[in-house]
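Any value given below was found using the heavy atoms of this structure, including those in side chains, with hydrogens, waters and symmetry copies removed. Just follow the structure's listing: the first ligand is 1, and inside any ligand the first atom is 1. From a predicted model like this one, the values you see are computed outputs, not experimental measurements.
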Amino acid sequence: MNAERNVSATSAAREILRRLHDVMATKAGAQAKLNRVVDIVAGALSSEVCSVYLLRDGVLELFATRGLAQSAVHVTRLAVGEGLVGTIAKTREALNLAEAKAHPDFAYKPETGEESFHSFAGVPIIRQETAIGVLAVQHVDPREYADIEIEALQTTAMVLAELISSAGLVDDQTVQQARERESRPARMTGLKLVEGVGRGQAVFHQPRVIVEHTVADDIEAERARVYAAFQMMREQIDNMMGQADFAAPGDHDEILETYKMFAYDEGWSRRINEAIDTGLTAEAAIERVQMKTRTRMRATKDPFFQERLHDLDDLSNRLLRIVSGQMDTAAKRGLQQDMILIARNLGPAELLEYDKRFLRGVVLEEGSLTAHVTIIARAMGIPVLGRVKDLRTTIFEGDPLLLDAQRGALFVRPSEPVVHQFEEQVALKARRQAEYAKLRDLPAETVDGARITLMMNAGLRSDMEALDITNADGIGLFRTEFQFLVSATLPRRERQTQLYKAVLDAAGDRPVTFRTVDIGGDKAVPYMMGDTVEENPALGWRALRLALEREGLMKVQARALIDAAAGRTLRLMFPMVSEPWEFDEARALVEAQLSRMVARGHPVPKKIEFGCMLEVPALAESLDLLLPRIDFLSVGTNDLTQFLFAADRANPKLADRYDWLSVSLLRFLKRVSDQARAARRPVTVCGEMGGRPLDALALLGIGIERLSITPAGIGPMKAMIRSLALAPLQHEMEGWLRRGINIRTALTEYASSRGIAAG
Ligand code: PEP
Ligand code: MG
């Protein structure tokens with residue numbers, strides 16, 4: 001393209017917008033306005049033809065033209081996908097052809113009289129991410145239009161979209177129908193972060209902004225708005241970088257760095273300003289530039305470049321939200337029905353803002369197994385699928401979704417058979433739940449009269465509802481670090497006291513075992529740990545190791561717990577104890593706080609019971625020393641197995657490698673359990689293992705009588721326990737463990753042949 005034509009095209013774009021502005025301001029009817037628009041565009045782009053096609057009754061109808069036969073207006077109609085116009089609507093991509101007839105999709109419409117034209121360019125008219133029409137120009141000469149001319153067409157299409165919707169030429173129902181036709185069912189895959197299934201409508205955490213006004217009344221005012229929006233966005237990003245209320249370091253830092261680079265990128269703001277210069281509003285200018293980014297995103301094959309463009313797209317959305325004042329997340333608007341939440345990433349506190357009654361699942365473009373949002377969602381029982389690509393381009397707000405995080409799949413606009421299969425699965429689950437509900441008031445007692453203590457794990461105030469629903473025997477593990485994970489700063493003592501008190505009040509006379517903060521490892525809290533980078537965080541400065549060093553933290557927590565449990569029994573346990581002296585130190589620290597509070601006349605608990613978590617294998621070798629000093633023991637099989645097998649619990653590749661029912665783990669646990677029984681100290685298993693009926697069956701078989709599990713597991717577990725004769729199983733287990741046979745196979749056969757509900 002020569003320089004001269006470039007300059008004239010730029011001024012053409014500006015001229016078009018100026019004149020469109022006048023057209024929009026007149027009181028003329030919609031058809032008259034459309035007629036004016038095609039005149040203006042044809043004139044400005046020196047084209048013989050300019051036409052507007054709009055969707056009516058599912059087909060694209062010629063609504064206005066200059067250059068084609070006027071008798072074809074409201075007569076010529078093309079299906080979506082038919083001819084060049086139909087192709088543009090279908091693909092939502094521009095076409096720019098020197099020789100229209102040479103294109104395989106060309107369809108000749110004789111009534112238009114278009115045979116004399118060679119070149120053709122067209123762009124989609126888009127409303128709510130759906131093509132509602134096409135704007136096209138044609139020329140007798142076989143020449144391709146310049147990029148800048150195509151951009152002028154795209155800008156005009158944006159203005160037309162506004163005109164069309166405000167005049168009601170294409171109504172919402174048509175848009176909806178077009179969208180349904182356009183969008184086929186899709187199956188997307190990702191990384192299962194929290195297993196489970198869910199069904200609901202797609203809701204974007206950050207809803208897309210719909211640009212209502214495209215033509216500026218006052219260019220200087222629009223420029224000022226964009227300037228202010230850029231300032232605010234830069235501040236937000238700087239804050240995000242400083243605050244790190246996000247997941248584990250790694251991916252996220254990189255994204256924030258890229259955000260920052262773009263936020264301060266002169267080129268980007270210049271392009272937006274140039275678009276404003278042509279007469280667009282701030283919103284339209286941002287979207288205009290964003291369209292270009294998207295086109296480049298689709299065109300590039302380089303994944304790295306694609307990723308960066310994706311970040312820029314994300315940031316454009318943020319800028320749009322800022323400039324239009326539409327900053328609210330979907331949580332602020334509230335969920336009204338079952339929803340699946342879609343986001344690039346989420347902080348744990350953001351997840352908690354959603355109404356749990358309607359939140360059926362979460363789908364993230366990023367996400368990792370150790371991110372706080374994953375840990376919290378797991379505790380809430382909300383399925384999460386992560387690392388799903390192209391969410392924004394495949395899913396529309398309100399689309400029906402089926403999330404099968406069990407198999408790592410998301411079905412978008414699912415077909416009938418898929419829905420049917422899903423419904424059957426859900427119905428089966430519901431029938432089972434109804435059966436479990438009937439067991440609520442019955443004891444967790446085996447057929448031969450052994451009473452198993454069945455408690456639940458918790459970590460959020462909202463978890464306490466489940467205590468009444470499940471009628472569990474108490475809270476066997478309250479993960480106090482959750483409060484730390486969901487806040488951006490260290491929770492103050494008053495807030496800690498409030499939470500612990502609320503938990504104890506909700507539990508009534510049922511016991512609650514609080515575990516002191518278990519931070520570090522998979523639960524990194526940047527505001528406490530600084531930017532320490534550890535090679536092996538699971539083996540690093542975490543849990544009690546960190547807490548004993550950060551004495552202030554532990555003291556504050558001890559005081560909060562003592563305060564909250566005043567007049568009641570406080571059950572306290574310490575995580576990741578590796579040697580007995582660590583327990584001694586932790587206990588001494590708590591007792592010192594107790595004495596201090598007594599001396600100051602503060603009300604204190606009537607009793608404190610101290611327990612210890614067994615998660616580090618070494619501790620099992622000093623149980624003879626430890627047991628006399630503690631009131632109870634709790635086995636954290638999640639960490640214990642990762643240390644015993646030297647297999648990172650957060651590494652998905654290792655997730656299914658070692659069986660929880662391995663002879664080594666069960667022998668190990670049996671030794672611990674026997675030794676504790678001999679010392680008359682109760683042992684609870686509080687890791688995930690205890691929540692699976694078959695695994696729990698093995699635990700009962702080796703003599704464990706207390707389980708603390710996820711609330712959803714209580715019903716199935718009670719059903720299993722109530723169908724079991726314990727003594728014969730324990731006898732069998734002895735033999736199996738001695739012989740070292742495959743326990744899972746043996747146990748599965750044992751359960752099915754005796755009608756034990758462990759499936
Ligand atoms: C465990 O390690 O088994 C445990 C219960 O603690 P967490 O999962 O919180 O590390
Ligand atoms: Mg643990």
Glu615: which N/O/S atom is nearest the Mg ion (ligand 2)? OE2

Considering only heavy atoms from C-beta outward, does the side chain of Phe632 approach that of Arg706 to under 4.5 Å? no

Select one of side chain, backbone, both or neither to describe which atoms of Arg378 lie under 4.0 Å from any atom of ligand 1, heavy atoms only. neither

From the options Asp518, Asn457, Asn638, select the one whose nearest heavy atom is closest to atom 1 (C) of ligand 1. Asn638

Going through the checks in order, is the side chain to side chain contact (heavy atoms under 4.5 Å, CB included) test met by Val635 and Phe668? CA-CA 11 Å; Val635 184; Phe668 183 97; over 6 Å; no

Matching residue for Ser673 among Gln675, Arg677, Lys670 - test: side chain to side chain contact (heavy atoms under 4.5 Å, CB included): Arg677

Counting only heavy atoms closer than 4.0 Å, does ligand 1 sit against the backbone of Glu688, its side chain, both, or neither? neither

For ligand 1, indicate whether the residue Leu640 contacts it via side chain, backbone, both or neither (heavy-atom separation under 4.0 Å). neither

Pick out which of Thr684, Asn457, Thr513 makes a side-chain hydrogen bond (donor to acceptor under 3.5 Å, both in side chains) with Ser708. Asn457

Under 4.0 Å from a heavy atom of Gly687: which atoms of ligand 1 are those, numbered in the order shown and with their elements? 3 (O)

Taking heavy atoms and a distance under 4.0 Å, where does Met576 meet ligand 1: side chain, backbone, both or neither? neither

Please indicate whether any nitrogen or oxygen in Arg542 is less than 3.5 Å from any nitrogen or oxygen in ligand 1. no

Taking the side chain as everything from C-beta on, heavy atoms only, tell me whether Arg542 gets closer than 4.5 Å to Met576. yes

What do you reckon, does Met689 put a non-hydrogen atom under 4.0 Å from ligand 1? no

Answer with yes or no whether the side chains of Trp541 and Glu549 bring together a donor and an acceptor at under 3.5 Å. yes

Which N, O or S atom name in Asp639 marks its closest approach to the Mg ion (ligand 2)? OD2

Which protein non-hydrogen atom lies closest to atom 6 (O) of ligand 1, naming both residue and atom, and how far is it? Arg515 NH1, 2.9 Å

Whether over 12 other heavy atoms sit under 6.0 Å from Glu465 CD: no

Leu666 side chain near Met733 side chain, heavy-atom distance below 4.5 Å: yes

Contact partition for Val635 relative to ligand 1, non-hydrogen atoms under 4.0 Å: neither

